[in-house]
Amino acid sequence: MRPAVPPPLSPYGTLQGTLFQYSTFPSLVAFESCPPSPDAGAALTPPSNKVILVGGLSDGLLPVPYTQTLEKAVHKLGWSLVQPVISSSYLGFGHGNLDRDTGEVSALMRYLCAHRSGETFAIVGHSTGCQNAVHFLKHGDKDMVARTKSVAL
């Protein structure tokens, strides 16, 4: 008889994907989960459409209870879900400002365009992530703002 498998530590579920560094100074990472390939043996190319989930103060990866539900919904549409860790994530809250966060989201998007097939973006903001999204639309890299087709707050 097999031993019982303990539940995952995160009540928000578990995701599979790729963790990558998108900035070296400061050192920042993001996690991208892509829809499964229809051909199980094929190499996976990240989709060009990406939803960026920006959490609130002290949030990092898996920031909200609906993260796994959002992932399933965007995958169903052929989009990937990207969760950035920005300087204000985790214990970094209160030590920065919206301008810095906007620069880091812009840097993430430029990286996604250059290295992860990014073309079109949507932003989902949670709590302070909503402020980040609105500030990005007004003050972000103009090319990246033009590629942002929707924002959910």
Side-chain angles (χ1 to χ4, degrees), residues 7-37 43-137 139-141 143-153:
L9 293 176
S10 172
Y12 299 166
T14 58
L15 307 178
Q16 293 186 5
T18 303
L19 181 69
F20 56 90
Q21 185 176 16
Y22 67 92
S23 172
T24 55
F25 187 79
S27 180
L28 300 172
V29 298
F31 180 83
E32 182 175 17
S33 59
C34 298
S37 173
L44 182 63
T45 300
S48 60
N49 298 326
K50 300 180 183 303
V51 173
I52 300 172
L53 175 57
V54 181
L57 293 180
S58 78
D59 286 339
L61 300 176
L62 296 170
V64 291
Y66 58 82
T67 302
Q68 192 170 39
T69 303
L70 178 63
E71 178 200 47
K72 288 177 183 173
V74 302
H75 284 184
K76 198 175 202 180
L77 297 171
W79 290 53
S80 68
L81 179 65
V82 179
Q83 299 175 65
V85 176
I86 57 179
S87 294
S88 60
S89 298
Y90 299 118
L91 296 177
F93 70 91
H95 298 284
N97 57 51
L98 291 171
D99 286 330
R100 182 186 69 191
D101 292 348
T102 290
E104 292 176 2
V105 170
S106 292
L108 169 66
M109 295 168 99
R110 286 190 304 274
Y111 180 91
L112 291 169
C113 290
H115 303 287
R116 309 263 324 145
S117 307
E119 292 179 17
T120 303
F121 300 97
I123 301 174
V124 174
H126 168 74
S127 190
T128 304
C130 296
Q131 291 176 313
N132 289 123
V134 171
H135 192 271
F136 168 79
L137 290 175
H139 302 285
D141 178 305
D143 183 44
M144 296 301 109
V145 170
R147 291 172 182 256
T148 303
K149 302 306 177 192
S150 63
V151 173
L153 307 172

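The structure displayed is predicted, hence computed values, not measured ones. Throughout, numbering of the chain's residues begins at 1 and tracks the sequence.
- For the atom pair CG (Asn132) and CD1 (Ile123), the distance works out to 9.0 Å, reported to the nearest 0.5 Å.
- Under the 4.5 Å side-chain criterion, counting only non-hydrogen atoms from C-beta, Leu81 is in contact with Thr67.
- Looking at heavy atoms from C-beta onward, Glu104 lies in side-chain contact with Ser87 at the 4.5 angstrom threshold.
- Panel note: side chain Tyr22, backbone Val105; no donor-acceptor pair is recorded below 3.5 Å.
- In this structure, Thr102 and Gly140 approach most closely via the heavy-atom pair CG2-CA, 3.5 Å.
- Distance check, rounded to the nearest 0.5 Å: CD of Gln131 to CG of Leu57 gives 7.5 Å.
- Counting heavy atoms from C-beta on, the side chains of His139 and Val145 never come closer than 4.5 Å.
- Among residues two or more places apart in sequence or in another chain, the ring pair (Phe, Tyr, Trp, His ring centres under 6.0 Å) test is passed with Tyr111 by Phe20, His115.
- Remark: side-chain polar atoms of Gln83 are not paired, donor with acceptor, to backbone N or O of Gly60 under 3.5 angstrom.
- Once rounded to the nearest 0.5 Å, the distance linking CG of Asn49 with CZ of Arg147 reads 11.5 Å.
- A distance of 4.0 Å separates CG in Asp99 from NE2 in His135, rounded to the nearest 0.5 Å.
- Applying the side-chain hydrogen bond (donor to acceptor under 3.5 Å, both in side chains) criterion to Arg100, with sequence neighbours excluded, gives no partner residue.
- Annotation: side chain of Asp141 is not in contact with side chain of Met109 (no heavy-atom distance under 4.5 Å).
- Scanning all heavy atoms of the two residues, the minimum distance from Tyr12 to Leu62 falls at CD1-O, 3.1 Å.
- The two residues Pro63 and Gly55 have their closest heavy-atom pair at CB-CA, 4.1 Å.
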Side-chain donor-acceptor pairs of residues 26-35 under 3.5 Å, sequence neighbours excluded:
{"residue": "Ser27", "atom": "OG", "partner": "Gln21", "partner atom": "NE2", "Å": "3.1"}
{"residue": "Glu32", "atom": "OE1", "partner": "Arg116", "partner atom": "NE", "Å": "2.7"}
{"residue": "Glu32", "atom": "OE1", "partner": "Arg116", "partner atom": "NH2", "Å": "2.9"}
{"residue": "Glu32", "atom": "OE2", "partner": "Lys50", "partner atom": "NZ", "Å": "2.5"}
{"residue": "Glu32", "atom": "OE2", "partner": "Ser80", "partner atom": "OG", "Å": "2.6"}
{"residue": "Ser33", "atom": "OG", "partner": "Glu71", "partner atom": "OE2", "Å": "3.0"}

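- Separating the CE atom in Met144 from the CD1 atom in Ile52 is a distance of 10.0 Å, to the nearest 0.5 Å.
- The OH atom of Tyr90 lies 4.0 Å from the CG atom of Leu61; values are rounded to the nearest 0.5 Å.
- Using a 4.5 Å heavy-atom cutoff, the side chains of Tyr66 and Val124 are in contact.
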